[in-house]
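A quick write-up on the structure given underneath.
Note that ligands are numbered from 1 as they come in the structure, with each ligand's atoms numbered from 1 the same way.
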Amino acid sequence: MGEFNSEDWLRKTVEKILEAGYQVEAEAFNFLKSTSKLVDVEDFTQGILKKLAETSPPSIFVDKKIVEEVFNQLRSKNKVDTSKQESLEKIGELEVGKGVFRPYAKEVEAKIEVLKDPSKYIASDGTMESFSRYFRDRFKRLLKILGERLDVKGYTGIGSVLKERNGARVKIVGMVSEKISRGRRIIFRVEDLESSITVLVQSTKPDLIEKAREVLLDQIVCITGFKSTNNLVVAEEIIMPDIPQHKSNHAEEDVNVVLTSDFHVGSKVFEEKLVKLFLKWLKGEIGNEKERGIAGKVKYIIVAGDLVDGVGLYPQQENELEIKDVYKQYEVAAKIFEQVPDYIKVIIIPGNHDATRKTLPQPAIPKKFAEPIYHIPNLILLGNPAQVKLHGVNILIHHGRSLEDVLASLPNVNHQNVTIAMAHLLKVRHLAPIYGQKTPLAPEPKDWMVIESVPDIYHTGHIHVFNHTMYKGVRLINSGCWQRQTSYQKKMGINPVFGVVPIVNLQKMSLTIMDFTKIF
Ligand code: D5M
Ligand code: ZN
Ligand code: FE
């Protein structure tokens, strides 16, 4: 970072830009001033000059947008010295709140109905018998959902299809137990409760092949086609359970819910500074009139898992931990959540880093590991997955480990567009369809992962990228995180989005985004 003061830093940076023949606009200059000494002069100027060289049409002016972009790039590469960031709170764009803060949400009574919480019902014993019982339950639940579709009506059991003559038209519902791609053909093994059969998707039907590629292992699907020799079904149509076009519920009250996740308290790269700004904003201490107005309507915060970084989750994790004791990590987490105004209800589900069993469905983070957070009266701890109604608005919450399996199975999806994978889970009506990959799943007597009631909002975390979309009237949100890039993520090329908070107004069902990194 160099051994010079802020003025030297600023002079040096500006000099280098001027020397290269560019002019610095006033707003860009103010931005540079606010970032003094947080980044290396060379890194910063080289980045800015590179951006300018790529700008089309060419311009000799350095504007704020360019400087900001380069700064954010450096930040995602962990090249911003956040230990020096405190002073920025005063000079950022988020103003210090002026006037008395009278939060409307304080006057509104909370209306929470828990629709789904596996916490108290964990019963699996892991025997083979429990596995077949589990898959039978999955099959029955999805058959019920599929059976509501008009185009699925009239299906028959696979056993009777096996007895059909060649050439007969058939319609079956089953679980996909094998999927093999042979060149441009795809072959499935499909099972129902009694029998199984092989299904061929031919290369002569490109649309159908595309659909077949999206079929996930262990999902339940309806297939129509005709019977061929050797007890083969040649597919003509593939029908996913899917959701119908959805008409959203709306709250009567004008209140907001903040959707967030992946704090990773205890990690060396936990963004404590940005969390502090988030808390200040909630309390009405910072922000312009509009931003404080949004804060005043926040009645709920939902945390979709990974409150702490945990311990012993992967080899050499201790090298990446600031706090190496999981109890202490939850103590620090409690200190954060104690500061949330008490009229705001905070719903927390666990993630793969939390101190509860890692296998899905996960019970709520237990008191024995997280005693301090149990003392906060406005916190509600639920399991993963969970489903709640807030003022009548149906919200499905799920940490999202299985999204990794879906990302690995589907063409054209990646971390940046993870809501495509979320939409896919709605299409298969299951939160962890693929068995035996990254997502550990317990053979509970009841399949908790089936999406039985269609939500108005579907909220996940885990991927550490903020991404949102609408799918058939359902709002899908993957909340970002509060952790800068870890060395693992660097290796994998994952650029996390931290300090960005989506907020949904439950009355209008509209989305607003607060970006706490824009404080500079
Ligand atoms: O996951 C945070 C991010 O890092 C998320 O995008 C997945 C990715 N990640 C983490 N661990 C792995 C492994 N083992 N394989 C692939 N991708 C991974 P978090 O749950 O916070 O660690
Ligand atoms: Zn995480
Ligand atoms: Fe996670």
Side-chain angles (χ1 to χ4, degrees), residues 76-78 259-272 274-275 302-323 326 329-330 332-333 336 348-362 364-365 382-386 397-410 413-422 425 431-432 434 436-441 459-468 476-502:
S76 69
K77 290 182 189 153
N78 278 345
L259 305 170
T260 188
S261 66
D262 298 275
F263 281 80
H264 289 263
V265 172
S267 161
K268 276 185 181 162
V269 283
F270 166 51
E271 264 291 351
E272 194 185 354
L274 294 179
V275 172
I302 299 180
V303 180
D306 285 356
L307 196 56
V308 300
D309 207 51
V311 292
L313 277 117
Y314 53 87
Q316 271 115 41
Q317 189 190 8
E318 60 275 15
N319 300 336
E320 315 235 342
L321 287 177
E322 185 71 39
I323 308 169
V326 72
Q329 292 178 358
Y330 282 109
V332 174
I336 291 169
I348 300 177
I349 70 158
N352 51 315
H353 282 255
D354 285 298
T356 184
R357 83 164 183 181
K358 307 295 177 223
T359 313
L360 288 170
Q362 291 182 284
I365 303 165
L382 301 178
N384 171 33
I397 318 153
H398 160 223
H399 179 60
R401 185 105 200 249
S402 57
L403 291 170
E404 279 183 63
D405 290 333
V406 181
L407 291 181
S409 308
L410 289 187
V413 287
N414 56 52
H415 287 74
Q416 306 305 320
N417 60 19
V418 64
T419 47
I420 297 178
M422 291 174 73
L425 293 181
L431 294 169
I434 310 169
Q437 288 185 12
K438 275 199 174 144
T439 317
L441 191 59
H459 173 203
T460 57
H462 184 63
I463 301 298
H464 290 211
V465 166
F466 169 52
N467 188 216
H468 65 94
L476 312 186
I477 294 181
N478 188 270
S479 42
C481 60
W482 298 94
Q483 186 190 33
R484 294 193 301 284
Q485 193 181 44
T486 62
S487 52
Y488 178 83
Q489 288 163 1
K490 194 170 175 181
K491 253 194 314 212
M492 301 290 290
I494 298 171
N495 284 320
V497 176
F498 45 83
V500 177
V501 175

Inset, instruction - Could you establish whether His264 and ligand 1 come within less than 4.0 Å of each other, counting only heavy atoms on the residue side? - result: yes

Inset, instruction - Answer yes or no: is there a donor N or O on one side and an acceptor on the other, between the side chain of Asn414 and the main chain of Gln416, under 3.5 Å? - result: yes

Inset, instruction - Quick one: closest heavy-atom pair of Gly266 and Asp309, and the distance? - result: C-CB, 4.4 Å

Inset, instruction - For the Fe ion (ligand 3), count the protein N, O or S atoms found under 2.8 Å away. - result: 4

Inset, instruction - Starting from atom 8 (C) of ligand 1, find the nearest protein heavy-atom neighbour and note its residue, name and distance. - result: Ile494 CD1, 3.7 Å

Inset, instruction - Could you walk me through whether Ser479 and His459 pass side-chain hydrogen bond (donor to acceptor under 3.5 Å, both in side chains), step by step? - result: CA-CA 7 Å; Ser479 42; His459 173 203; 2.9 Å; yes

Legend entry - Distance from atom 22 (O) of ligand 1 to nearest protein heavy atom, with residue and atom: His353 NE2, 2.6 Å

Legend entry - Interatomic distance, Ile302 atom CD1 to Ile348 atom CD1 [nearest 0.5 angstrom]: 11.0 Å

Inset, instruction - Report the relative orientation of the aromatic rings in Tyr314 and His353; use parallel for angles under 30°, tilted for 30 to 60°, perpendicular for over 60°. - result: perpendicular

Inset, instruction - Would you confirm whether Asn467, through its side chain, and Thr419, through its main-chain N or O, come within 3.5 Å as a donor-acceptor pair? - result: yes

Inset, instruction - If you have a sec, work out which protein heavy atom is nearest atom 1 (O) of ligand 1 and how many Å separate them, to one decimal? - result: His462 O, 3.3 Å

Inset, instruction - Consider every N or O of Ile463 and every N or O of ligand 1, then say whether any pair is closer than 3.5 Å. - result: yes

Legend entry - For Ser487, all residues meeting side chain to side chain donor-acceptor pair (under 3.5 Å), sequence neighbours excluded: Glu320

Inset, instruction - Pull out every atom of ligand 1 sitting under 4.0 Å from any heavy atom of Asn352, numbered as shown with elements. - result: 20 (O)

Inset, instruction - State the atoms of ligand 1, each with its element, that fall below the 4.0 Å cut-off from a heavy-atom position in His415. - result: 6 (O)

Legend entry - Residue part near ligand 1, for Asp306, under 4.0 Å between non-hydrogen atoms: side chain

Inset, instruction - Identify, for atom 17 (N) of ligand 1, the protein heavy atom at the shortest distance, and state residue, atom and that distance. - result: Glu404 OE1, 3.2 Å

Inset, instruction - Could you find the nearest protein heavy atom to atom 18 (C) of ligand 1 and give me its residue, atom name and distance? - result: Tyr488 CE2, 3.3 Å

Inset, instruction - Look up atom CG in Asp306 and atom CZ in Phe263, then write down how far apart they are to the nearest 0.5 Å. - result: 11.0 Å

Legend entry - Closest to atom 3 (C) of ligand 1 (judged by heavy-atom distance), picking from Gln483, Met492, Lys491, Gln489: Gln489

Inset, instruction - Inspect the surroundings of CD in Gln316 and state if more than 12 heavy atoms from other residues, nucleotides or ligands are less than 6.0 Å away. - result: no

Inset, instruction - Can you measure from CG (Asn352) to OG1 (Thr359) and round to the nearest 0.5 angstrom? - result: 11.5 Å

Legend entry - OG1-NE2 distance between Thr486 and His264, expressed to the nearest 0.5 angstrom: 8.5 Å

Legend entry - 2.8 Å cut-off (strict), protein N, O or S atoms about the Zn ion (ligand 2): 4

Inset, instruction - Among Ile434, Leu360, Leu431, find the residue that satisfies the side-chain contact (heavy atoms from CB on, under 4.5 Å) test when tested with Thr439. - result: Leu360

Inset, instruction - Enter the distance from His415:NE2 to His462:NE2 here, rounded to the nearest 0.5 Å. - result: 7.0 Å

Inset, instruction - List in chain and number order the residues that pass salt bridge (charged side-chain N to carboxylate O under 4.0 Å, His left out) with Lys438, two or more places apart in sequence or in another chain; answer none if no residue qualifies. - result: Glu404

Legend entry - Short side-chain to backbone donor-acceptor contact, Glu271 and Arg484, under 3.5 Å: no

Inset, instruction - Mark up the atoms of ligand 1 that fall under 4.0 Å of a heavy atom belonging to His464, in ascending order. - result: 2 (C), 21 (O)

